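Here's the structure we're looking at; comments come further down.
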Amino acid sequence: MNGSTPVFAPESAKRLAWVREPLPWALAALLLLVFGMAWLKPFFAALFPALERPLYAQDSFLALTLAHLKIVGLSSGFAVILGVAAGVFATRASGSEFRPLIETVVAAGQTFPPVAVLAVAVPLVGFGEAPALIALALYGVLPVLQGTLAGLASVPQAAREAAQGLGMSPWQSLRRIELPLAAPVILAGVRTSVIINIGTAAIASTVGAKTLGLPIIVGLSGFNTAYVLQGAVLVGLLAVVTDLTFERLAQHLVRWQTATGS
């Protein structure tokens, strides 16, 4: 060796990096539980011997997971569109005077518990996914708005002046300069909003929406701790996988900005 430091082959280094990466392991655990929860019935029977039905079987966990993702995706998409649009409007000259009002209204909406929003929405739109979408969308706007405001505020004034010097219109400056530079901060707000909605969506089962909260609600009403555990573990793993995915996306975004010289 002559006192030299051993050098690993690039392939070995890549394999070791993959092993240390938490996202594949968390995703594998989520998929194993979604598709193989039935295999754990003996485990839950041994863990809770007093329960006659230790495994939730009214719906498949795959169907519940897909329904959960659907509600979170739709509500988060609406929250992102509304939050980014409101943030952009509040940072333009034409909308700056409305910024305090926008921030106050959105922050006030965040103070209402999701259960209260669901209770108000049910008489208006009925049971099912509709009240859940309304509650989750309203609840997810604030982090996106805050991220958009902070991201656009972090854009250097020199970059805006350079855009004006190149003859860009305000819309071109926003699209080509400001939003790309603000993207990491905006993405952080979207990340927070989506993670909040993943956990909050479980409550939507109280108004008839099919989510991973259904085993939890049924378990709580029937004093079945196994059901609660099964639903809670899946919701937690889904949140972890989503958070790690956003982390990976943020890393790629930073590398892209560095490569393009943004």
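Note that this is a predicted model, so its numbers are computed, not measured. Numbering of residues begins at 1 and proceeds along the displayed sequence. We use all heavy atoms of the structure for the numbers below, so side chains are in, but hydrogens, waters and symmetry mates are not.
Remark: Phe89 CZ is packed, more than 12 non-hydrogen atoms of other residues, nucleotides or ligands lying under 6.0 Å away. With a 6.0 Å radius and a threshold of 12 heavy atoms from other residues, nucleotides or ligands, Gln157 has its CD atom above the threshold.
Taking CZ of Arg99 as the start and CG of Leu145 as the end, the distance is 8.0 Å to the nearest 0.5 Å. Taking CG of Leu33 as the start and CG of Leu62 as the end, the distance is 13.0 Å to the nearest 0.5 Å. The distance from atom CG of Leu142 to atom CG of Leu82, rounded to the nearest 0.5 Å, is 11.5 Å. Taking CD from Glu161 and CD1 from Ile177, the interatomic distance works out to 13.0 Å, rounded to the nearest 0.5 Å. Between atom CZ of residue Arg255 and atom NE2 of residue His252 there is a gap of 5.0 Å, rounded to the nearest 0.5 Å. Atom-to-atom distance recorded for Leu55:CG and Phe43:CZ is 12.0 Å, nearest 0.5 angstrom.
The shortest distance between side-chain heavy atoms of Leu253 and Leu187 falls below 4.5 Å. Looking at heavy atoms from C-beta onward, Ile203 lies out of side-chain contact with Ile217 at the 4.5 angstrom threshold. At a threshold of 4.5 Å between non-hydrogen side-chain atoms, the residues Ser96 and Thr91 do not count as touching. By the 4.5 Å heavy-atom criterion applied to side chains, Val84 and Val88 are counted as neighbours. No side-chain heavy atom of Val218 sits less than 4.5 Å from a side-chain heavy atom of Ser205. Leu69 has its side chain within reach of Leu238: a pair of non-hydrogen atoms, C-beta onward, lies under 4.5 Å apart. Counting heavy atoms from C-beta outward, Leu23 and Thr245 have side chains that approach closer than 4.5 Å.
Closest non-hydrogen pair, Gly219 versus Tyr227, comes out as CA-CB, 3.7 Å. Contact detail for Thr225 and Leu51: the closest heavy-atom pair is N-CD1, 4.3 Å. The two residues Phe61 and Leu212 come nearest to each other via the heavy atoms O-CD2, 4.4 Å. Shown here for Pro180 and Leu174, the closest heavy-atom pair between the two residues is CD-O, 4.0 Å. Contact detail for Ser154 and Val185: the closest heavy-atom pair is OG-CG2, 4.4 Å. For the pair Leu229 and Phe44, the tightest heavy-atom approach, listed with the atom from each and the gap, is CD2-CE2, 3.8 Å.
Using a cutoff of 4.0 Å between basic side-chain nitrogens and carboxylate oxygens, Glu129 and Lys70 are scored as salt-bridged.
In the hydrophobic clustering of this structure, Tyr139 does not group with Ile71; members are Ile, Leu, Val, Met, Phe, Trp, Tyr whose side-chain heavy atoms approach within less than 4.5 Å, directly or through other members. Transitive grouping of hydrophobic side chains (ILVMFWY, heavy atoms separated by less than 4.5 Å) keeps Val228 and Leu214 in distinct clusters. Placement of Leu40 and Phe35 within a single hydrophobic cluster is found when ILVMFWY residues are connected by side-chain heavy-atom separations under 4.5 Å, directly or transitively. Residues Phe246 and Leu136 do not share a hydrophobic cluster, clusters being chains of Ile/Leu/Val/Met/Phe/Trp/Tyr side chains in contact below 4.5 Å. Under a hydrophobic-cluster definition in which Ile, Leu, Val, Met, Phe, Trp and Tyr are linked whenever side-chain heavy atoms come within less than 4.5 Å, directly or via other members, Tyr56 and Met37 are assigned to the same cluster.
With hydrogens and angles disregarded, no donor-acceptor distance shorter than 3.5 Å links the side chain of Arg160 to the backbone of Ser173. A donor-acceptor contact shorter than 3.5 Å links the side chain of Asn224 to the backbone of Arg53. The closest donor-acceptor contact from the side chain of Gln146 to the backbone of Pro143 lies at 3.5 Å or more, if one exists at all. Side-chain N or O atoms of His68 include none that pairs as donor or acceptor with a backbone N or O of Ala202 at under 3.5 Å.
Remark: Ser76 pairs with Asn197 by the side-chain hydrogen bond (donor to acceptor under 3.5 Å, both in side chains) rule, at least two apart or across chains. Residues forming a side-chain hydrogen bond (donor to acceptor under 3.5 Å, both in side chains) with Thr200 (at least two apart in sequence, or on another chain): none. In this view, Arg92 and Glu178 satisfy the side-chain hydrogen bond (donor to acceptor under 3.5 Å, both in side chains) rule, not counting sequence neighbours.
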*Please assess Leu152 against Leu179 for the test side chain to side chain contact (heavy atoms under 4.5 Å, CB included), listing each intermediate value before the final yes or no.*
CA-CA 7 Å; Leu152 291 174; Leu179 286 179; 4.2 Å; yes
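Put simply, the residue from Thr148, Ile186, Val144 that forms a side chain to side chain contact (heavy atoms under 4.5 Å, CB included) with Val80 is Val144.
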